[in-house]
Amino acid sequence: MRTPVNRDPELGRVLPASDTAAPRPGREGVVVAAAFLVCLLGGTVRVEDTLTAPPPAAWLLALVSCAVLPARHRRPLAVLAATTVAGVAAQPLGLVLSPPVIAPALVAAYACTLHVPGERRAAGAVTLAALVLLAGSVPLSGDLSWRDASRMGTVVAAPLVAGLIGHAVRTRRAYLAAVEERARRAEESRELEARRRVSEERVRIARELHDLVAHQITLANAQATVAAHFFDSRPEQTRVSLRELVATTGHALDELRATVGLLRQTGDAGDAMASEGPAPGLARLPDLLESFRRAGLEVAVREEGRTRALPPGVDLTAYRIVQEALTNVTKHAAGRGVRVGLDWGGGRLTVTVSDDGGAPAGPPTLSDRPPGYGLIGMRERAAAVGGELTAGPRPEGGFLVTARLPLPPVRDGDMPEASDEGRPA
């Protein structure tokens, strides 16, 4: 389970929540008892460095100064002030002010640097307490010996050392909490990145399945519609449409089987794709157009500019955009005339597909079906290769799809400018 963290309001540091919460009762009792014993033993030292039994003043000082220690986590400044005042009262009570006598004040100084918000505030409080104890350790008789000077030095140094230890512990805890927080954030980032990649992969798979299979199903539906339309009036045409329907559905099953098999591959993706054959591109455009012509579309092609070798991603994107646009015409357009344009000028390949929007020349279209994700998939494909796609109705009627895809720089080995005979038809 992750440790809760708090933030230092002045420094902005991340601190463990355990720093501000009350410690465990067992550890708290040990700390208070140890401070009480050390303070009581310090009261046995006399001015002439002799040892006696603890006088009542030593018991009183130890009890009073240690009684406030359990509150040092919630009120560190108040506890430090109380223990400092108790330490200053040692000399008036007839005790020698030494580091053992002010043991509760040392515990309070440690807690102050550990829990007070802001390093400067904590350091100032500990320094002030040390100066007050220094003033309280000055001999009341006025005679200052080397022994007294040494004792005064240890009295002023002891709270400062306790404060330094507390500061070191605080810094260490803040560092560990910050490392833990960074690790937690890195884990959350990895989880978010993993979820994002899974989502992108799901969209990619859905797009591939749509592009590979949907147009075949659309063609099969159109051919079945033609067969039903001419079943009584033109039996020969019906038989032709049924034969084409069988071929189309068989091809659809082959592509579906290949796609599912590719998705089930557990090895290298590149090897899997190579085993299924090259991805389709504009070189297969004539076969694609012919399949739509058999479904009843009147497809005309116009190509301008100098043909270039396309990167595989751009080549596949151009093919899929033409395929999906023609599929949409088959499903939704009223007319049957379609124009496909390929313009290789301006450093980019511009692909256009438009229908005439006229009255239907054959059997009913599939326009009554709800819209799918064709336009969304085409835009995603174009954006993935650095291009853009626009689609919308034409002013003169019909629908126009325009895709602008980037082209690689011209090289000497590229194909020459295409002639009318060499263009796809």
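Positions are given from 1 along the sequence. Just so you know, these numbers use all the heavy atoms, side chains as well, and skip hydrogens, waters and symmetry mates.
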Specify the closest pair of heavy atoms between [X] and [Y], including all atoms of both residues, with the distance to one decimal.
X	Y	answer
Gly136	Val88	CA-CG1, 4.2 Å
Arg379	Leu389	CG-CD2, 3.7 Å
Cys66	Val32	O-CG1, 3.9 Å
Ile321	Met378	O-SD, 3.6 Å
Pro104	Leu69	O-CD2, 3.5 Å
Ala122	Cys112	CB-O, 3.8 Å

Rounded to the nearest 0.5 Å, how far does [atom2] of [Y] lie from [atom1] of [X]?
X	Y	atom1	atom2	answer
Leu288	Arg320	CG	CZ	9.0 Å
Met152	Ser98	CE	OG	13.5 Å
Leu316	Arg284	CG	CZ	10.0 Å
His115	Arg170	NE2	CZ	9.5 Å
Leu77	Arg72	CG	CZ	14.5 Å
Leu176	Arg173	CG	CZ	9.5 Å

Start with the C-alpha gap between Phe399 and Val329, add the side-chain angles, then the distance that decides, and say whether side-chain contact (heavy atoms from CB on, under 4.5 Å) holds.
CA-CA 8 Å; Phe399 201 82; Val329 172; over 6 Å; no

Within the structure provided, determine whether [X] and [Y] are in side-chain contact (heavy-atom separation under 4.5 Å).
X	Y	value
Glu324	Arg381	no
Glu303	Asp343	no
Leu160	Leu164	no
Trp344	Leu310	yes
Val351	Leu342	yes
Val353	Arg339	no
Val401	Ser354	no
Cys39	Pro100	no

Backbone N or O of [Y] within a donor-acceptor pair of the [X] side chain at under 3.5 Å?
X	Y	result
Thr44	Leu41	yes
Thr83	Val79	yes
Asp355	Val338	no
Arg404	Arg348	no

After noting the C-alpha distance and the side-chain angles of Glu188 and Arg185, does the key distance pass the salt bridge (charged side-chain N to carboxylate O under 4.0 Å, His left out) rule?
CA-CA 5 Å; Glu188 290 179 353; Arg185 292 181 179 178; over 6 Å; no

Is it the case that over 12 heavy atoms from other parts of the model lie below 6.0 angstrom from the CZ atom of Arg394?
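Atom CZ in Arg394 is packed in, count exceeds 12.
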
Applying side-chain contact (heavy atoms from CB on, under 4.5 Å), run through Val155 and Leu134 and close with a yes or a no.
CA-CA 6 Å; Val155 167; Leu134 175 62; 5.8 Å; no

Is the shortest side-chain N to carboxylate O distance from [X] to [Y] below 4.0 Å?
X	Y	value
Arg196	Glu193	yes
Glu181	Arg184	yes
Glu187	Arg190	no
Arg302	Glu304	yes

Worked verdict on Leu326 versus Val340 for side-chain contact (heavy atoms from CB on, under 4.5 Å):
CA-CA 9 Å; Leu326 293 176; Val340 178; 4.2 Å; yes

Could you check Val64 against Trp59 for side-chain contact (heavy atoms from CB on, under 4.5 Å), going step by step and ending with a plain yes or no?
CA-CA 9 Å; Val64 171; Trp59 286 93; over 6 Å; no

